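One structure is given here, and the rest of the page talks about it.
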Amino acid sequence: GLSTVVAQAAPEVKLGLESKIGGRAAWRGDELLQNPWWGRTLTADNIEELDAALKTAMQSGAVKWDGEVPMVVSPSIFPLRDDGMAGVLRGLAEELENGSGATMLQGLPVERYTIPELSVLYLGMCGYIGTIVPQSSAGLRSKSRGYGLPIGHVKAEMRGKTPKDGKQSNNYFRLHTDRCAASTPRPLGCAPPSIVF
């Protein structure tokens, strides 16, 4: 038998500036500064709990490494309490997904950790926020640029005069809005030490 497909005309969609984007994710800088998730300072108890989780992960033997980059740091080897830091990070995840879409934690004493320890700490925290996905970029399939790794160490490698726009790359910067890149640590040596998600 034959079947007949009847198509309805789609309603007309206007793509213009007739209406503003709304909701909590449509914020301005001054509004973001008022958000309790922007600039949230870690407490001494939060830092103590993160230190204990880091120690557990580093001693577990379960962290797989590619050079100085940890490949796997799951919540099972980075234990945080639901009524403590795990709850904070789940609240942060909720704010990222259903709130403003931007958060910042500050007050982590980065100077007390090595780069590998900071990497484990960072991925351990990210494991409570979402799924850790290795980095990739079609044009940058180099391990030195983070390809295939869950975390990349960004370094200024340029010699000589810095370009006026501040970019230090011979490649253009692509617009990047996917949900997999939800977190970026603030550079070491910048005050105050912060992690922006």
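Note: hydrogens, waters and symmetry copies are ignored here, and every other heavy atom, side chains too, is used. Residues: numbered from 1 along the sequence shown. Keep in mind the model is a prediction, meaning the values are calculated, not measured.
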(message) What I'd like to find out is whether the side chain of Asn35 reaches to under 4.5 Å of the side chain of Trp27, using heavy atoms alone.
(response) no

(request) Taking all heavy atoms of Leu32 and all of Ser100, pick out the closest pair and write down the distance. (result) CD1-OG, 4.3 Å

(message) Taking the side chain as everything from C-beta on, heavy atoms only, tell me whether Arg112 gets closer than 4.5 Å to Glu117.
(response) no

(request) Heavy atoms only: give me the nearest Phe78-Val120 pair and the separation to one decimal. (result) CE1-O, 4.1 Å

(request) Would you give the length of the straight line joining atom CG of Leu54 to atom CD1 of Ile47, rounded to the nearest 0.5 angstrom? (result) 13.0 Å

(message) So, taking the atom named CD1 in Ile77 and the one named CD in Gln59, what distance separates them when rounded to the nearest 0.5 Å?
(response) 12.0 Å

(request) Taking the side chain as every heavy atom from C-beta outward, state whether Trp37 and Val88 have any atom pair closer than 4.5 Å. (result) yes

(request) Give, for atom CG of Asp51 and atom CG of Asn46, the distance between the pair rounded to the nearest 0.5 Å. (result) 11.0 Å

(request) Report yes if some heavy atom in the side chain of Thr114 is under 4.5 Å from a heavy atom in the side chain of Glu68; otherwise report no. (result) no

(request) Mark yes when over 12 heavy atoms from residues, nucleotides or ligands other than Glu48 sit less than 6.0 Å from its CD; otherwise mark no. (result) no

(message) Which heavy atom of Pro150 sits nearest to which heavy atom of Ile132, and what is that distance?
(response) CB-CG2, 3.6 Å

(message) Measuring only between side-chain heavy atoms, which start at C-beta, is Leu105 closer than 4.5 Å to Leu89?
(response) yes

(request) Ignoring hydrogens and angles, tell me if any N or O in the side chain of Glu49 forms a donor-acceptor pair with the backbone of Arg81 under 3.5 Å. (result) yes

(message) Treating Glu94 as the side-chain partner and Gly99 as the backbone partner, does any N or O pair qualify as donor plus acceptor under 3.5 Å?
(response) no

(message) For Thr56 versus Pro79, what's the shortest heavy-atom pair and its separation?
(response) CG2-CD, 3.9 Å

(message) Using modelled atom types and a 3.5 Å cut-off, is there a donor and acceptor pairing between side-chain atoms of Tyr128 and backbone atoms of Leu80?
(response) yes

(request) Determine the minimum heavy-atom distance between Pro70 and Val63, stating which atoms define it. (result) CB-CG1, 3.7 Å

(message) Among Val110, Leu108, Val73, exactly one meets side-chain contact (heavy atoms from CB on, under 4.5 Å) together with Leu121. Which residue is that?
(response) Leu108

(message) When you compare the side chain of Trp38 with that of Leu33, does any pair of heavy atoms fall below 4.5 Å?
(response) yes

(message) Could you check whether any side-chain heavy atom of Leu50 comes within less than 4.5 Å of a side-chain heavy atom of Met85, counting everything from C-beta outward?
(response) yes

(request) Indicate yes or no: at least one non-hydrogen side-chain atom of Val69 is less than 4.5 angstrom from one of Ser119. (result) no

